[in-house]
Amino acid sequence: MGSSSAGLRLTVMGLGYLGLTHAVCLAEMGHEVLALDVDQQKVRRAAGGEAPFFEPGLEPLLRKNLEAGRLRFTSAYEAIAQFGDVHFLCVGTPPTADGAADLRQVHAATDAVAQHLGKRSLLVGKSTVPVGTARALAARIRAAAPAGDQVEMAWNPEFLREGHAVADSLAPDRLVFGVTSTWAAGLLRQVYAQPLGAGCPGLVMELETAELVKVAANAFLATKISFINAMAEMCETVGGDVVQLAEAIGYDERIGHRCLAPGLGFGGGCLPKDIRAFIATARNRGVTSVAGLLAEVDEINLGRRARVTDLVRDAAGGSLAGKRVAVLGLAFKPGSDDVRDSPSLDVCGRLIGEGAIVSAHDPVAMPNAARVSPDLRYAPSVSAAAEDADVVMHLTEWADYRAIDPAALMSIVAHPVIIDARCALDAERWRAAGWTFRMPGRQAR
Ligand SMILES: NC(=O)c1ccc[n+]([C@@H]2O[C@H](COP(=O)([O-])OP(=O)(O)OC[C@H]3O[C@@H](n4cnc5c(N)ncnc54)[C@H](O)[C@@H]3O)[C@@H](O)[C@H]2O)c1
């Protein structure tokens with residue numbers, strides 16, 4: 001094993017949210033890391049100590065490990081093949097038009113590294129892939145690598161959450177090792193010696209189970225969110241308050257309060273694409289229970305965006321044409337600048353489609369949002385967004401927005417009406433200041 005006394009020599013392919021965080025955290029655990037991307041700009045920025053996306057706490061750790069000499073960046077596959085014996089695959093698996101996972105980045109990266117693998121090596125997949133991918137890749141790599149059968153494949157799915165990525169990577173709640181040999185399991189135990197030593201469970205299993213653990217975990221979380229949003233629809237229809245309902249059922253520890261926030265539903269670069277890819281796999285394999293359950297979860301989730309649009313239209317008097325709508329929050333969730341499949345941007349598009357003039361604010365996601373939605377007006381502050389607004393919409397639950405003084409904002413807007421699509425603001429405080437306060441999951445009062 002080519003290792004220094006401080007740690008192993010590891011490589012990481014792909015410098016997105018997953019790969020850069022993983023590379024930095026492996027270096028922080030004491031390993032020597034060489035990380036690669038085909039995007040030269042990402043490589044240059046990372047090597048200069050700059051994260052190409054917003055993730056709390058990542059940049060200081062990136063700089064610290066660059067300075068310590070444990071972390072370097074490259075775009076040369078030959079360099080990573082020579083540098084390390086354990087190679088982590090962290091490239092993207094975006095959706096195809098029919099919702100299945102597009103494995104082109106995975107194939108391009110594994111083909112590119114395989115041709116240089118002349119010694120015993122372990123390739124470790126971390127990307128989220130359809131079950132069966134790892135075993136198929138193992139055969140593909142063995143056929144292409146000069147070292148042939150000496151190259152093994154393992155799957156070690158990643159569970160980090162954007163906004164908490166550093167803590168989730170340094171102190172994961174579990175580590176999953178899909179392997180085909182004790183050698184691979186042993187190497188992964190060395191890689192993660194630090195969190196395992198701190199008590200993190202390390203679960204060794206077959207490749208297929210490891211691949212499925214990731215998509216099953218995402219499917220369960222998505223189901224929980226859509227469940228509470230289905231209850232929101234019930235409350236809206238028959239009367240009731242879904243926030244109180246969620247609080248009450250969550251005290252049952254078999255249910256729990258986490259992932260039980262009603263409102264606009266989930267989005268982002270992972271959950272929606274992962275459940276759709278899982279649906280596609282389940283359909284292909286004829287597992288109708290999984291396909292049917294998750295199709296319903298997806299539909300309930302997307303239905304929330306239409307429901308919130310209905311709420312704002314009602315609040316604006318039945319038509320959005322020419323109405324000024326202030327939008328607070330664009331990221332798919334707080335703590336991130338990621339706007340991939342952002343529920344907020346989806347709602348903004350619907351508002352514009354109905355003729356509204358949308359003025360939006362987000363603490364960090366406006367540059368990314370402007371790239372995909374250039375037709376929104378971007379405001380430098382909450383008060384600039386709310387100026388002369390007919391309706392204010394709270395679409396991403398940043399802590400900054402809970403700190404807004406409703407009385408101060410009242411003097412800026414044209415009409416003091418707010419839709420809290422995330423059910424996260426203090427309704428009584430806003431009402432006491434004179435606002436009309438509406439949220440999904442409760443009949444209008
Ligand atoms: N973002 C998350 O929170 C998260 C969490 C867990 C798992 N995942 C999974 O991790 C994977 C990556 O997700 P992401 O959000 O980091 O994606 P991303 O799109 O942000 O990053 C992918 C990176 O791979 C690079 N890349 C593309 N082709 C390459 C190649 N041939 N060689 C080297 N690099 C290449 C791209 O330039 C990009 O920097 C996906 O499968 C995703 O589902 C993501």
Side-chain angles (χ1 to χ4, degrees), residues 11-25 34-46 51-56 58 73-81 87-96 99-116 123-131 133-134 137 155-169 172-176 210-211 213-219 221-222 266-278 331-333 335-342 368:
T11 84
V12 174
M13 291 169 268
L15 292 174
Y17 288 89
L18 165 63
L20 183 59
T21 309
H22 187 57
V24 167
C25 291
L34 182 60
L36 170 146
D37 203 290
V38 286
D39 182 334
Q40 306 281 344
Q41 210 196 347
K42 278 192 180 170
V43 170
R44 265 197 306 276
R45 285 177 72 178
F53 50 85
F54 173 79
E55 182 59 45
L58 183 61
F73 295 92
T74 183
S75 49
Y77 269 100
E78 196 172 354
I80 64 163
H87 307 281
F88 285 94
L89 182 64
C90 298
V91 297
T93 49
T96 57
D102 182 343
L103 294 178
R104 277 179 298 179
Q105 292 184 30
V106 168
H107 290 149
T110 48
D111 289 351
V113 72
Q115 59 177 307
H116 300 293
L123 234 86
V124 186
K126 286 196 79 68
S127 306
T128 306
V129 292
V131 59
T133 302
L137 279 181
W155 217 264
N156 164 223
E158 178 58 55
F159 303 98
L160 67 79
R161 298 160 300 162
E162 288 176 26
H164 305 268
V166 172
D168 286 349
S169 299
D173 45 21
R174 80 291 210 191
L175 285 160
V176 168
E211 292 167 320
V213 167
K214 171 64 188 176
V215 287
N218 275 357
L221 297 173
F266 58 83
C270 290
L271 223 49
K273 90 166 166 67
D274 291 349
I275 65 163
R276 286 175 205 147
F278 200 10
F332 87 95
K333 69 171 186 177
S336 173
D337 65 350
D338 196 344
V339 296
R340 291 179 289 181
D341 200 351
S342 158
N368 282 347

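Note that the coordinates shown come from a computational prediction; the quantities given were computed from them, not determined experimentally. Every number for a ligand or one of its atoms is a count from 1 in the order of the listing.
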Going by the order shown, which atoms of ligand 1 are within less than 4.0 Å of some heavy atom of [X]?
X: K42; result: 38 (C), 39 (O)
X: C90; result: 12 (C)
X: L36; result: 33 (C)
X: E162; result: 1 (N), 2 (C), 3 (O)

Starting from [atom], what is the nearest protein heavy atom, named by residue and atom, and what distance separates them?
atom: atom 29 (C) of ligand 1; result: V38 CG2, 3.5 Å
atom: atom 4 (C) of ligand 1; result: C270 SG, 3.3 Å
atom: atom 6 (C) of ligand 1; result: E158 O, 3.3 Å
atom: atom 19 (O) of ligand 1; result: R340 NH1, 3.9 Å
atom: atom 11 (C) of ligand 1; result: V91 O, 3.3 Å
atom: atom 32 (N) of ligand 1; result: Y77 OH, 2.6 Å
atom: atom 27 (C) of ligand 1; result: Q105 OE1, 3.0 Å
atom: atom 5 (C) of ligand 1; result: L160 O, 3.5 Å

Any donor and acceptor pair, going by atom type alone, linking the side chain of [X] with main-chain N or O of [Y] inside 3.5 Å?
X: S127; Y: V91; answer: yes
X: E162; Y: Y17; answer: no
X: E55; Y: H164; answer: yes
X: N156; Y: V176; answer: yes
X: D337; Y: F54; answer: yes
X: D338; Y: G268; answer: no
X: E158; Y: K126; answer: no

Review point. What do the steps show when you test F73 against L20 for side chain to side chain contact (heavy atoms under 4.5 Å, CB included), and what is the final call?
Key: CA-CA 10 Å; F73 295 92; L20 183 59; 3.8 Å; yes
N/O of [X] under 3.5 Å from N/O of ligand 1, yes or no?
X: K214; result: no
X: K273; result: yes
X: T128; result: yes
X: D39; result: no

With heavy atoms only and a cut-off of under 4.0 Å, state how [X] meets ligand 1: side chain, backbone, both or neither.
X: K126; value: neither
X: D338; value: neither
X: A165; value: neither

Point to revise | Residue selection (non-hydrogen contact nearest atom 37 (O) of ligand 1) among L103, D37, L89, L271 | key: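 Among L103, D37, L89, L271, the closest heavy atom to atom 37 (O) of ligand 1 comes from D37.
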Practice item. Closest by any non-hydrogen atom to atom 40 (C) of ligand 1: pick that one out of T93, D274, L18. Key: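 That would be T93.
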Check your understanding: Hey, does G269 sit under 4.0 Å from ligand 1 if you only count heavy atoms?
Key ->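 Per 4.0 Å heavy-atom rule, G269 does not contact ligand 1.
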Check your understanding: Under the side chain to side chain contact (heavy atoms under 4.5 Å, CB included) criterion, do D39 and L15 qualify, and how do the steps go?
Key -> CA-CA 9 Å; D39 182 334; L15 292 174; over 6 Å; no
Check your understanding: For residues T128 and K273, is any side-chain donor paired with an opposing acceptor at under 3.5 Å?
Key ->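 Judged by distance alone, the side chains do not pair up.
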Point to revise | side chain to side chain contact (heavy atoms under 4.5 Å, CB included) evaluation trace for L103 with T93 | key: CA-CA 6 Å; L103 294 178; T93 49; 4.1 Å; yes
Exercise for review: Check whether any side-chain heavy atom of Q105 lies under 4.5 Å from a side-chain heavy atom of P94, and answer yes or no.
Suggested key: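 In contact.
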**Study point:** Closest heavy-atom pair and its distance - A81, H116
**Key:**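 Minimum heavy-atom contact is CB-CB, 3.4 Å.
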